[in-house]
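Each remark here refers to the structure printed beneath this line.
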Amino acid sequence: MWRNRSIFLLSVGHACVDVYQGAVASLVPFFIAERAYGYAAASGIVLAASLLSSVVQPLFGALTDRWAMPWLLPVSTVLGGLGIALSGISGSYALTLAFVAVSGIGVAAYHPEAARVARVVSRGSHTAMGWFSLGGNLGFAAAPVLVAVVLVAGGLRLSPLLVVPALAGSVLCLPVLRALATPARSATTAVKPRRSDDDRASFLKLSLAVVFRSVVFVGLSAFIALYAQQRTEGGTAAGTAALFLLYLGGAVGTVLGGRLADRWDRITVVRWSYLGTVVAVAGVVFVPGPAIYLFVALASAGLYTPFSLQITLAQDYLPTRVGTASGVTLGLTVSIGGIASPLIGTVADHSSLQLALAPLIALPALSWLVLRTLPEPGASYG
């Protein structure tokens, strides 16, 4: 019962953090509408949210391998929300980039320690880790709705209201941290990591596959709202619906991934997920009209089915450096996708969004190729 309650609180707290990752892409149409940003300038905001995060998150992971830092959970949650809340109050592009970067640092600081705590609480359960990851996906899914509800009426000047989830998330994690701090609870949850050599080669292959996945997901996140408006000839609501489906489908995929991993090994589930994603992304790019929403949902589920499994795989490939593994898998590899966004935006500015998004179809196939020879590691946690 204690484990289930703690995983639930961590999952909700995860949602309160990842809503700010989703909020960056959700804000892009508002920046374009109110500030007349081009595709490249708008995608630069996505880059600002992820560039510092890509460097900082592995650093925080390495630090959590040496020292437990549970205080990072509430502090980083507030920081992530504060940056997004301030991003809309200034017309300065430089200040907007700075505030979004601050949010990215907060998100980066949160994930390695949160993944470590969740791993300890879940005692290595794939299903429990899936529920923890589900919280983040639901936060992503809620982002376009939250941003639309707050900003549609008053525009970017109301962005300070977006800090509310961060304040809630910082409070929700406190009961878990207090329970883990008690000697009795620590004794019942502490599990010594297995003494085995780190499989660095497999970890690097997995990281490369996650990089390819990240470019696809971040590229779709940055531009799917605008692209859906074009393909359906709809307005802002059509774009918001597409972005919502992209994030909501991830919630389904994450839970499905944990269930499937209990029946088959993780590597098999991850490989087949990426193969299915190739077809789904092709549908997003080339299928016109309302059918695009079906393929957006399928692409999201395909991209997110491997998500929590890749976290535990990384931790098991580096059993002596769980924080570093979490930081790289959740941070560096994921954030690299943001670096590709300006390139996609530049191609779109000079040609079309369809042409700019078409290369994304090949990337899940590359993930599948990289993972073909990857072994299933033994589980370790602690």
Side-chain angles (χ1 to χ4, degrees), residues 14 18 21 46 49-51 53-61 104 107-108 111-112 114-115 119 126 129-130 132-133 136-137 140 198-222 246 250 253-254 257-258 261 265-278 280-281 299-318 321-341 359-377:
H14 195 183
D18 277 6
Q21 293 198 73
V46 179
S50 56
L51 185 59
S53 179
S54 67
V55 177
V56 172
Q57 194 153 320
L59 174 61
F60 278 106
V107 171
H111 281 98
R119 184 74 161 168
H126 300 318
M129 286 297 291
F132 168 71
S133 298
N137 300 335
F140 263 110
D198 292 336
D199 187 349
R200 297 181 183 179
S202 294
F203 176 75
L204 290 175
K205 289 181 181 179
L206 176 67
S207 299
L208 183 59
V210 178
V211 167
F212 294 143
R213 178 240 179 234
S214 170
V215 174
V216 178
F217 183 76
V218 176
L220 290 178
S221 297
L246 181 66
T254 299
D265 65 83
R266 289 169 290 179
I267 293 296
T268 298
V269 174
V270 171
R271 282 198 293 249
W272 280 104
S273 298
Y274 281 131
L275 275 182
T277 303
V278 175
V281 175
S300 177
L303 289 168
Y304 264 106
T305 295
F307 189 74
S308 65
L309 305 182
Q310 289 169 160
I311 298 172
T312 58
L313 281 169
Q315 292 172 335
D316 290 340
Y317 286 135
L318 295 183
R321 289 179 288 178
V322 169
T324 299
S326 302
V328 172
T329 307
L330 288 168
L332 179 61
T333 51
V334 174
S335 300
I336 286 175
I339 299 175
S341 293
L360 300 182
I361 300 170
L363 296 182
L366 294 179
S367 292
W368 176 80
L369 284 173
V370 170
L371 296 171
R372 282 187 63 206
T373 59
L374 212 61
E376 176 72 20

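Computation of the quantities below employed the complete heavy-atom set of this structure, encompassing side-chain atoms and omitting hydrogens, waters and symmetry-equivalent molecules.
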- [ ] Measure the acute angle between the ring planes of Phe132 and His14, then classify it against the limits of 30° and 60° as parallel, tilted or perpendicular.
- [x] parallel
Task: Any side-chain heavy-atom pair of Val216 and Phe212 under 4.5 Å - done: no
TODO: Return yes if some donor-acceptor pair links the side-chain N/O of Arg271 with the main-chain N/O of Leu371 below 3.5 Å, else return no.
DONE: yes
- [ ] Indicate yes or no for a side-chain donor-acceptor contact from Asp18 to the backbone of Gln21 under 3.5 Å, with no hydrogens or angles considered.
- [x] no
TODO: Search all heavy atoms of Gln310 against all heavy atoms of Val270 and return the closest pair with its distance.
DONE: OE1-CG1, 4.1 Å
Task: Test item: Arg213 and Thr277 side chains (from C-beta on) under 4.5 Å apart, heavy atoms - done: no
- [ ] Compare every heavy atom of Lys205 with every heavy atom of Val370, then report the nearest pair and how far apart it is.
- [x] CG1-O, 3.0 Å
Task: From CG (Leu318) to OG (Ser207), nearest 0.5 Å - done: 8.0 Å
Open item on the list: Does any part of the side chain of Tyr274, heavy atoms only, come nearer than 4.5 Å to the side chain of Leu366, both counted from C-beta?
Closed with: no
Task: Nearest atoms (heavy-atom pairs only) where Leu206 meets Leu374 - done: CB-CD2, 4.1 Å
Open item on the list: Contact between Ser273 and Leu309 at the side-chain level, heavy atoms closer than 4.5 Å - yes or no?
Closed with: no
Open item on the list: Let me confirm one number: the CG-CG distance from Asp199 to Leu204, rounded to the nearest 0.5 Å.
Closed with: 9.0 Å
Task: Minimal non-hydrogen separation, Pro375 against Ser202, with atom names - done: CD-OG, 3.4 Å
Task: Euclidean distance, Thr312 OG1 relative to Tyr317 OH, rounded to 0.5 Å - done: 9.5 Å
Task: Contact summary for Thr305 and Val269, nearest pair of heavy atoms - done: CG2-CG1, 3.8 Å
